[in-house]
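Values in this document were obtained by computation on a predicted structure and should not be read as measured data.
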Amino acid sequence: MRANKVMENVSRADLIRQRRATRSQTRVSRTRKAASQPVPSQPVIVRGTHPTAARPLRNSTQSRVRRQYYYTLGSTGAELRLPAIPFIRPDWRYLSGLLTVLLLLALYALATSPQFQVQQYEIQGIQRLTFGDIEAVLGLQGTHIIEFNAAEAQSRLAAAFPELKDVQVSVGLPAKVTIQVSERAPVVSWNAADQAYWIDSEGTILPPRGEVDNLLQVTTNGLPPLLEQSTLEMASAAPDAASQIPVTAEAAPVSVWGKRIDPAIITSLLDLRTRIPEEASMVYNTGNGLGWKDPRGWDVFIGKDLSNFDLKMNMYQYIIVHLELQGKLPTQMVSVEYVNAPFYK
């Protein structure tokens, strides 16, 4: 009888302990589940005079709950809580922030790295100009590539070197600069006093630079006759510039470089060279036009162009024969510009 009561008491005590352990385990599980779920926050409402004016002051967002983890130590029932891990949900703000940081790092590297400094650059198309001439104008070596202005460099080259045309400047990374130009080819050397002016086939006046073979040498008494457009450009730069253009080239104005003369004059000079004796040298007079120096010592002028050249040439030969029959020759010049009114000095 007692034995049965003892067994009953023991069984009842085991049942009580078992129920208590189950309840404790249930509470722990509920607590963990509740902690792992975000708690919604209630929006704050601002109410106006109108019933429909109520609106939330800020959008309701889910709270970012830190995830907690528990580690069970064996069968004793004891648990170890590990450090909480923040719950992060990436969005566009994180991506834009990351891109901003990367761009700032790229700009810093671009501004400080020596790889983006121009140490050498390529020049294509130059013949008489040298690398030193270009560098003296641009000062490009050692310049940072982000500070280099290709359009400004192109303008500076065109202004400094009238013999250049079709100037193209291209820039590449990390520090690559390519300059491509076309250099004008002079065909006439216009010699006035102690100054020489090179002129290409288009009539552009160039400063002498380097060496050019087979230039047609023309001796003149003044500056090349500028086109009216070029004269107007000089007058617009300075009000009295047109009236200050000197007749002689004792002090050649820098503004003459890059200006133009009538290309027909160059064409006539080149054509006249093939019609006169090889030993005769070419001359040009601002008043009498084209001509050549006769090997016997005087100048022959035929006017501004080669119109009626054969007739003028026959008239010149007749004048010389007529003077020789009289036992005299011209000492300075013979002009047959006007066939009906030739004269000599």
Side-chain angles (χ1 to χ4, degrees), residues 128 158-159 161-166 182-209 212 214-276 280-293 299-313 316 333-339 341-342:
R128 296 179 304 279
F161 304 109
E163 56 264 61
L164 296 183
K165 61 179 180 179
D166 300 330
S182 296
E183 195 167 343
R184 298 180 183 273
V187 294
V188 171
S189 178
W190 190 282
N191 305 309
D194 295 331
Q195 178 66 49
Y197 303 86
W198 288 0
I199 307 176
D200 71 345
S201 59
E202 297 178 352
T204 305
I205 304 174
L206 312 173
R209 200 187 309 273
V212 178
N214 301 323
L215 275 180
L216 177 59
Q217 302 294 328
V218 179
T219 303
T220 72
N221 68 335
L223 295 173
L226 302 178
L227 286 175
E228 182 179 357
Q229 181 180 2
S230 300
T231 305
L232 292 176
E233 290 175 358
M234 294 176 62
S236 63
D240 297 330
S243 61
Q244 293 176 359
I245 298 177
V247 177
T248 62
E250 296 178 355
V254 178
S255 58
V256 170
W257 308 131
K259 304 300 180 181
R260 297 186 62 198
I261 70 172
D262 189 353
I265 297 178
I266 303 301
T267 303
S268 298
L269 286 171
L270 296 175
D271 191 10
L272 182 59
R273 172 71 271 182
T274 63
R275 302 190 184 195
I276 62 176
S281 58
M282 301 290 297
V283 295
Y284 184 91
N285 186 280
T286 55
N288 302 307
L290 305 170
W292 66 92
K293 180 174 286 293
D299 296 334
V300 183
F301 294 103
I302 61 172
K304 303 294 184 180
D305 52 44
L306 300 184
S307 59
N308 299 323
F309 176 79
D310 295 335
L311 180 60
K312 293 177 181 179
M313 194 68 176
Y316 166 68
M333 60 167 289
V334 176
S335 175
V336 290
E337 178 180 1
Y338 303 102
V339 180

Check your understanding: Listed by chain and number, what are the side-chain hydrogen bond (donor to acceptor under 3.5 Å, both in side chains) partners of K293, not counting sequence neighbours?
Key -> D299
Point to revise | Trace of the side-chain contact (heavy atoms from CB on, under 4.5 Å) decision for R128 with V212 | key: CA-CA 9 Å; R128 296 179 304 279; V212 178; 3.5 Å; yes
Check: residues 262-270 side-chain donor-acceptor pairs under 3.5 Å, at least two apart:
{"from": "D262", "atom 1": "OD1", "to": "A264", "atom 2": "N", "distance (Å)": "3.1"}
{"from": "T267", "atom 1": "OG1", "to": "P263", "atom 2": "O", "distance (Å)": "3.1"}
{"from": "S268", "atom 1": "OG", "to": "A264", "atom 2": "O", "distance (Å)": "2.9"}

Practice item. Only counting residues at least two apart or in another chain, list the ones meeting side chain to side chain contact (heavy atoms under 4.5 Å, CB included) with L311. Key: N308, V339
**Study point:** Contact list for residues 302-313, test salt bridge (charged side-chain N to carboxylate O under 4.0 Å, His left out), sequence neighbours left out
**Key:** none
Check your understanding: Who passes salt bridge (charged side-chain N to carboxylate O under 4.0 Å, His left out) against R184, sequence neighbours left out?
Key -> D200, E202
Review point. Is any side-chain heavy atom of L164 less than 4.5 Å from a side-chain heavy atom of E183?
Key: yes
**Study point:** Closest non-hydrogen atom pair, V283 against V300
**Key:** CG2-O, 4.4 Å
Study note, to complete from the structure: Correct closest heavy-atom pair for G258 and T204 would be O-CG2, 4.0 Å
**Study point:** Set of salt bridge (charged side-chain N to carboxylate O under 4.0 Å, His left out) partners for E337, sequence neighbours left out
**Key:** none
Review point. Just wondering, do Y197 and L206 contact through their side chains at under 4.5 Å, heavy atoms?
Key: no
Practice item. State, yes or no, whether a side-chain contact exists between I199 and V187 at a heavy-atom distance under 4.5 Å. Key: no
Check your understanding: If every non-hydrogen atom of V336 is compared with every non-hydrogen atom of I302, which pair is closest and at what distance?
Key -> CG2-CG2, 3.9 Å
Exercise for review: Apply ring pair (Phe, Tyr, Trp, His ring centres under 6.0 Å) to Y284 and list each qualifying residue two or more places apart in sequence or on a separate chain.
Suggested key: W190
Study note, to complete from the structure: Closest heavy-atom pair, P207 versus W198, reported as atoms and distance to 0.1 Å, is O-CE3, 4.2 Å
**Study point:** E163/R209 ion pair, N-O < 4.0 Å
**Key:** yes
Exercise for review: Any chance you could measure N285, atom CG, to M333, atom CE, to the nearest 0.5 Å?
Suggested key: 7.0 Å
Practice item. List the atom of S281, the atom of R273, and the distance in Å for their closest heavy-atom pair. Key: CA-NH1, 4.5 Å
Point to revise | With sequence neighbours excluded, residues passing side chain to side chain contact (heavy atoms under 4.5 Å, CB included) with S182 | key: K165, D166
Review point. If every non-hydrogen atom of N191 is compared with every non-hydrogen atom of S189, which pair is closest and at what distance?
Key: OD1-OG, 2.9 Å
Exercise for review: Could you check W292 against L272 for side-chain contact (heavy atoms from CB on, under 4.5 Å), going step by step and ending with a plain yes or no?
Suggested key: CA-CA 9 Å; W292 66 92; L272 182 59; 4.2 Å; yes
Exercise for review: Calculate, to the nearest 0.5 Å, the distance between atoms CE and CG belonging to M282 and L290 respectively.
Suggested key: 6.5 Å
Point to revise | Student check: side-chain heavy atoms of L215 and P186 closer than 4.5 Å | key: yes
